[in-house]
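Reading through the structure tokens given below for one structure.
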There are 2 protein chains.
Amino acid sequence: MATPKMLDSTCSIARSLGVLGERWTFLILRDALSGSTRFAQFKDSLGIAPDVLTARLATLVEYGVMTREPYQEPGSRPRDAYHLTDAGRELKLVIGALQQWGDRHVPHENGPTIERRVRDSDRPAHVGFVDESGREVGTEDVAFLRTAAYPA
Amino acid sequence: MATPKMLDSTCSIARSLGVLGERWTFLILRDALSGSTRFAQFKDSLGIAPDVLTARLATLVEYGVMTREPYQEPGSRPRDAYHLTDAGRELKLVIGALQQWGDRHVPHENGPTIERRVRDSDRPAHVGFVDESGREVGTEDVAFLRTAAYPA
DNA sequence: GGTGCTAAGTTGGAAAAACCAACTCAGACT
DNA sequence: AGTCTGAGTTGGTTTTTCCAACTTAGCACC
């Protein structure tokens with residue numbers, strides 16, 4: 001139920017995790033980013049208990065990460081489909097960063113099963129820090145600094 | 001206990017979450033990235049139950065995200081300090097991506113309390129997709145593609 | 001050399017969340 | 001009328017988490 005304590009935090013990481021930090025949520029988003037839209041798709045792909053899936057989809061919809069829309073395939077009764085919103089699609093970066101970290105630091109013997117590539121050029125892409133001019137900056141060259149809004 | 005089912009997955013995201021996906025872990029890492037090293041620092045800052053903190057630190061150490069080292073301040077008894085490894089420091093990218101998403105999509109009325117800046121120039125930085133040449137690419141232009149290792 | 005202090009835990013019991021199997025419900029199709 | 005399927009709900013068990021109290025080890029002071 002998207003731990004409300006965290007949603008009020010002044011820390012953006014805690015607030016993100018208030019929405020996304022429960023078990024299964026990131027895996028649901030991974031599936032959604034790769035095209036899953038239906039309850040049964042998530043359930044079968046993940047092996048998640050249906051009551052938990054119901055709860056997770058509800059919080060994702062509640063916080064604007066996904067929408068729930070009725071749709072009807074011809075010759076089928078109306079169903080509900082879950083689609084990522086713009087906010088949800090922006091999580092591609094978070095998912096990509098997790099994927100990249102897992103590739104490197106929790107490797108599987110067969111190597112990566114998914115790679116990130118630029119659509120047109122087909123060249124490899126990765127997640128990194130970028131400055132205003134769109135140039136990559138090394139991780140060590142980025143500092144997390146307190147703003148004026150930082151509490152005392 | 002770092003759900004072993006996920007650690008064997010061929011999906012790198014699932015493997016990452018097998019190590020990092022339990023409650024509190026990302027917040028522990030956030031604190032670690034901002035300089036916390038001691039048990040009590042994490043406990044007091046997060047309000048986490050001590051038994052859960054013990055368990056989380058143990059899995060982070062087990063999977064090479066942090067190290068546990070005895071150290072001694074003069075005039076104090078020897079204690080254990082927890083430090084991020086290189087693998088742990090690379091999670092800055094994941095944490096940064098979560099932070100950025102929270103800033104934008106789960107905003108707090110006071111605005112962000114932390115911002116990402118390039119160390120020398122002091123200019124803002126963000127997390128993004130980058131191609132081989134170090135140039136940022138839009139999220140829409142990045143595809144997640146299956147490799148030969150993708151299971152049937 | 002006993003008492004108190006503090007950091008880093010451990011332990012035991014209560015509460016919350018996740019898991020699992022079985023069941024419901026509604027429309028389409030036969 | 002009966003069957004199938006997707007999308008859930010329900011009830012009971014197991015696993016995690018939470019919380020408060022307890023332990024342990026070394027230092028400092030008297």
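Lettering follows sequence order; numbering is per chain, from 1. None of these values were measured; they are calculated from a predicted model.
Here the side chain of D80(B) is nearest to one of dG9(C), dA7(C), dG12(C), namely dG9(C). Picking from dG6(D), dA8(C), dC18(D) the nucleotide with the shortest atom distance to the side chain of A40(A) gives dG6(D). The side chain of V52(A) sits closest to dA18(C) out of dA18(C), dG6(D), dG11(D). In the set dC19(C), dA8(C), dA17(C), dA8(C) carries the atom at the smallest distance from any side-chain atom of R38(B).
Rounded to an integer number of Å, the gap from F39(A) CZ to dA26(C) C1' is 16 Å. For E69(A) and dA7(D), the CD to C1' distance is 17 Å, given to the nearest whole Å. dT16(D) atom P lies 16 Å from atom CD of E22(A), rounded to whole Å. The nearest whole Å value for the distance from the CG atom in L53(A) to the P atom in dT9(D) is 10 Å. Here dG6(D) presents its C1' atom at 5 Å from CZ of R79(A), a figure rounded to the nearest Å. Summarising the geometry, the separation between CZ on F42(A) and P on dG8(D) is reported as 11 Å, rounded to the nearest angstrom. In this structure, OH of Y71(A) is placed 14 Å from P of dA28(C), rounded to the nearest angstrom. One can place CD1 of I28(A) at 14 Å from P of dA7(D), the figure rounded to the nearest angstrom.
Remark on DNA chain D: of its neighbouring residues I48(B) and K43(A), the 5'-side contact belongs to K43(A), judged by nearest-heavy-atom nucleotide. For P50(A) and R23(A), each mapped to the nucleotide of DNA chain C holding its nearest heavy atom, the one lying further toward the 5' end belongs to R23(A).
Phosphate contact (OP1/OP2 of dA8(C), side-chain N/O of T54(B), threshold under 4.0 Å): absent. One finds no side-chain N or O of W24(B) lying less than 4.0 angstrom from the OP1 or OP2 phosphate oxygen of dT16(D). Contact check, R56(B) against dT17(D): a side-chain N or O comes under 4.0 Å of OP1 or OP2. Note on R68(A): a side-chain N or O is less than 4.0 Å away from OP1 or OP2 of dG8(D).
Under the side chain to side chain donor-acceptor pair (under 3.5 Å) test applied with H126(B), the options E136(B), R116(B), Q99(B) reduce to a single match, E136(B).
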Given L20(B) and V94(B), is the side chain to side chain contact (heavy atoms under 4.5 Å, CB included) satisfied, shown in steps? CA-CA 11 Å; L20(B) 310 171; V94(B) 175; 5.9 Å; no

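In this structure, NZ on K92(A) lies 13.5 Å from CG on L29(A), to the nearest 0.5 angstrom.
When all heavy atoms of T147(A) and P112(B) are compared, the closest pair comes out as OG1-O, 2.7 Å.
Within 4.0 Å (heavy atoms only), Y82(A) reaches sugar-phosphate atoms of the nucleic acid but no base atom.
Using a cut-off of 4.0 Å between Lys/Arg side-chain N and Asp/Glu carboxylate O, D131(B) and R123(A) are scored as not salt-bridged.
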